[in-house]
Student: 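Before I ask anything, here is the structure I am working with.
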Protein chains: 2
Amino acid sequence: MRIGELAKKAGCGADTVRYYEREGLLPPPGRSEGNYRLYDAGHLARLAFIRNCRALEMSLGEIRTLLGVKDGGGADCSGVTALLDAHIGHVDERIARLAALREQLAGLRERCCGVTPVADCGILQGLAEGGGEAAAGGGRKCLGDAGSLCGREAG
Amino acid sequence: MRIGELAKKAGCGADTVRYYEREGLLPPPGRSEGNYRLYDAGHLARLAFIRNCRALEMSLGEIRTLLGVKDGGGADCSGVTALLDAHIGHVDERIARLAALREQLAGLRERCCGVTPVADCGILQGLAEGGGEAAAGGGRKCLGDAGSLCGREAG
DNA sequence: AGACACCTTGGAGCAACTCCAGGGTCAAGC
DNA sequence: GCTTGACCCTGGAGTTGCTCCAAGGTGTCT
C-alpha cells in the first residue's frame, strides 16, 4: 500500500509517517517505479505500535527504546517495565502539578466577578502579587458571600 | 538595574527577559552608555506579573491579552474572568485526559513483571494491539494473583 | 488532452524558551 | 597599563512532534 493508505489505517497523516521514517522509527520501505513508498503489513504493525505509544503520551525517545527492545536489544523485558514505571511516574507528577495549579487558579478566580473596573480587579492584583498563593488571603474585592455582585461604584 | 539582576529577582534567565522583549510583552528599556539594558521597578513588576501567569501555565498569548486589559484595553475586567475561566477549563480537560491515561498505563503495566523474554512481554503485546484498551482483558502473562513471579521458562 | 487525487523533496513554522559563538563593557587587582 | 573575570550584546540554532507549504512528478479517469 502507499503512504496515504498506511497513514489512514494508522490514524495519522502521511507527513507523520515520513517524519517517523526520518527519525528512524520506521524503516525505509521499498519504492514503486514512480518512486512512491510501498508498505506492507509489517510496516503497519510497527506504525500502529508507535501510534499506540504516542496515544499514551510516550516520547519518541521512549518509543525508540521500546522498539529497540522489541527488535532484539535485550534478553528480557525488564527495560520495558522500567520505562513504563518511569512514564507512569511522570504522568503522576503532571497530574499532581495540574491539580495544585487548578487550586491556585480557583483561588484566584474568586477574587473578581468580572464587572469591576480594571484597576480594582482582584485577579489582576493577585497576578501582580504572586499568582494564586495569596488568593484566599486579603485583598478580596468581589464575591463576599453569595457570589452575586461586586462592590462596584461606576454604573 | 541590568538584565541579570532583573532576571534573578524575577526568577528567570536573562535570555527569557530578552525573549519577552522580542515578543512585545516587556517594553524595550533604556540603555546605558555601553548599550546595556537598564530596568526599573516598573519593569520588574511587569515581569513578575508575566512570570506569575506563566507559573499558572498561561500561554504568552493569554498573558498578552491580560496585559492589554491592564494597559487600558477595556473598561471593565470581564475579559480577565472570561480568560481565566477558559484557562481553568483547559486545565480541567488536561487533568481528565491525564487521569484516563494513567488508568490505561496502569492496566498495561499489569501485563508483565519485567523478567519475561521479550517475545512474551504482555506490555509490548498490549502496545502492539491497541495501547491500554485491551489491557484488563485476556492475554495476561504475568502477575496472576499474588503479584510475585512470571510464568517464565528460561532460568 | 485535461482534470484530479495522490505522491515526491526540501524547508519553514509552531511554543517558550535555552544555548552558543563571537564579540563588547566594566570593575577590581597587580 | 594590563589582565582577569563577570557580565552584557546580537544573531542564530536547537528542542518536541508534528503540520503545512511550494513546486513539481505519477497515475487514473473521462
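Residue numbers begin at 1 in each chain, while the letters A, B, ... track the order of the sequences.
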Student: Taking the nucleotide of DNA chain C with the closest heavy atom to each, which residue, Gly13(B) or Gly4(A), is nearer the 5' end?
Tutor: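 Its nucleotide being nearer the 5' end, the pick is Gly4(A).
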Student: As an exercise, state the distance from CG of Asp92(A) to CZ of Arg102(B), rounded to the nearest 0.5 Å.
Tutor: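 It is 4.0 Å, given to the nearest 0.5 Å.
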Student: Whole Å only: how far is the CG atom of Leu25(B) from the C1' atom of dC17(C)?
Tutor: 13 Å
Student: Below 4.0 angstrom from OP1 or OP2 of dC7(D), is there any side-chain N or O of Arg37(B)?
Tutor: no
Student: Categorize Ser32(A) for me: base, sugar-phosphate, or nothing, with a 4.0 angstrom heavy-atom threshold over every strand shown.
Tutor: nothing
Student: Compare side-chain N and O positions of Arg22(B) against OP1 and OP2 of dC9(D) and report whether any pair is under 4.0 Å apart.
Tutor: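 Checking dC9(D) against Arg22(B), no side-chain N or O comes under 4.0 Å of OP1 or OP2.
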Student: Which whole-number value in Å describes the distance from Leu56(B) CG to dA16(C) C1'?
Tutor: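 Checked: the CG to C1' distance equals 16 Å.
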Student: Using atom types as modelled and distance alone, determine if a side-chain donor or acceptor of Arg31(B) lies under 3.5 Å from a backbone N or O of Gly34(B).
Tutor: no
Student: Can you check the Ile3(A) CD1 to dC6(C) P distance for me, whole Å?
Tutor: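 Ile3(A) atom CD1 is separated from dC6(C) atom P by 13 Å.
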Student: What's the closest nucleotide to the Tyr19(A) side chain, out of dT10(D), dC17(C), dG17(D)?
Tutor: dG17(D)
Student: Between atom CD in Glu33(B) and atom C1' in dC9(D), what is the gap in whole Å?
Tutor: 16 Å
Student: Would you mind classifying the nucleic acid contact of Asp15(A) as base, sugar-phosphate or nothing, using non-hydrogen atoms under 4.0 angstrom?
Tutor: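 Base contact - Asp15(A) has a heavy atom under 4.0 Å of at least one base atom.
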Student: Under 4.5 Å between any side-chain heavy atoms of Tyr39(B) and Arg46(B), yes or no?
Tutor: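 Side-chain contact under 4.5 Å: no.
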Student: So what does Arg64(A) hit on the nucleic acid, given a heavy-atom distance under 4.0 Å: a base, only sugar-phosphate, or nothing?
Tutor: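 Touches nothing.
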Student: Checking Arg54(A) side chain against Met58(A) main chain: does a donor-acceptor pair fall under 3.5 Å?
Tutor: yes
Student: OH of Tyr39(A) versus C1' of dC7(C): gap in Å, rounded?
Tutor: 11 Å
Student: From the set dT18(C), dT9(C), dT25(C), return the single nucleotide nearest to any side-chain atom of Tyr36(B).
Tutor: dT25(C)
Student: Strictly below 4.0 Å, N to O, side chains only: are Glu5(A) and Lys9(A) in salt-bridge contact?
Tutor: yes
Student: If you assign Tyr20(A) and Arg2(B) each to the DNA chain D nucleotide with the nearest heavy atom, which residue ends up on the more 5' nucleotide?
Tutor: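 Nearest-nucleotide comparison on DNA chain D picks Arg2(B).
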Student: Taking only the side-chain heavy atoms of Thr16(A) (C-beta and beyond), determine which of dT8(C), dT19(D), dT18(C) contains the nearest atom.
Tutor: dT19(D)
Student: Without decimals, in angstroms, what is the distance between Arg54(B) CZ and dT18(C) C1'?
Tutor: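 Checked: the CZ to C1' distance equals 14 Å.
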Student: For dT8(C), take OP1 and OP2 only and decide whether either is under 4.0 Å from a side-chain N or O of Arg18(A).
Tutor: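 True: Arg18(A) side-chain N/O within range (under 4.0 Å) of dT8(C) OP1/OP2.
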Student: Just the rounded figure in Å: distance from P of dC8(D) to CD of Glu5(B).
Tutor: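 To the nearest whole Å, that distance equals 9 Å.
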Student: In whole Å, what is the span from the CE atom of Met58(B) to the P atom of dC17(C)?
Tutor: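 In whole Å, dC17(C) P and Met58(B) CE are 14 Å from each other.
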